Structure formats: structure tokens, C-alpha cells
Trainee: 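Here's a structure for you.
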Amino acid sequence: MASLYILIPIAIVFVCLAVAVFIWAVKTEQFEDLERQGSNILFDEDEKIKKDHDK
């Protein structure tokens with residue numbers, strides 16, 4: 001029973017931290033452009049540079 005007095009406040013602190021990080025991410029618009037990052041990993045940056053130099 002004594003361990004619950006320690007574990008419950010620790011769990012509450014972790015939940016508060018998770019909520020704070022989520023709110024920070026929403027306010028700094030981390031979730032605005034979800035498609036760009038997914039497509040960036042599919043294309044190599046070197047190909048873009050080579051195409052720019054060819055022009």
C-alpha cells in the first residue's frame with residue numbers, strides 16, 4: 001500500500017508532462033504538414049542537387 005503513495009504521484013507527473021508536450025507540439029504547429037515528412041524519406045536529396053546543377 002505504501003508503494004501506491006509513491007507510484008500514483010509519479011504517474012500523475014508523467015501524464016502532466018505528456019499533456020504539456022502535446023500542447024506545446026500543437027501550439028508550435030508540429031502537426032500542420034504531415035504529408036511532407038512522409039514523402040521526404042522516399043526521395044534522395046542528392047537527386048535534387050544533381051537536377052539543379054544540370055539546369
Side-chain angles (χ1 to χ4, degrees):
M1 187 69 183
S3 64
L4 286 179
Y5 294 128
I6 296 170
L7 293 176
I8 290 176
I10 290 173
I12 291 171
V13 168
F14 281 140
V15 167
C16 290
L17 285 174
V19 169
V21 168
F22 177 74
I23 291 172
W24 168 81
V26 170
K27 285 186 178 181
T28 58
E29 299 176 354
Q30 298 292 317
F31 300 114
E32 290 299 315
D33 188 12
L34 299 176
E35 296 298 321
R36 182 176 52 97
Q37 294 300 326
S39 64
N40 278 351
I41 62 170
L42 298 176
F43 303 108
D44 193 16
E45 289 183 17
D46 293 336
E47 292 177 4
K48 281 186 192 177
I49 294 170
K50 287 179 185 176
K51 287 179 184 177
D52 291 339
H53 287 293
D54 291 340
K55 290 182 181 178

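Predicted model, so just to flag it, every value in this text is computed and none were measured.
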Trainee: Atom CZ in F14, atom CG in L7: separation rounded to 0.5 Å?
Mentor: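 The CG atom of L7 is 10.5 Å from CZ of F14, to the nearest 0.5 Å.
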Trainee: Does V13 belong to the same Ile/Leu/Val/Met/Phe/Trp/Tyr cluster as Y5, with side-chain heavy atoms less than 4.5 Å apart forming each link?
Mentor: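 As far as the 4.5 Å side-chain criterion goes, Y5 and V13 are not connected within one cluster.
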Trainee: Hydrophobic clusters here meaning ILVMFWY residues chained together by side-chain heavy-atom distances under 4.5 Å, can you tell me if M1 and I12 are in one?
Mentor: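 As far as the 4.5 Å side-chain criterion goes, I12 and M1 are connected within one cluster.
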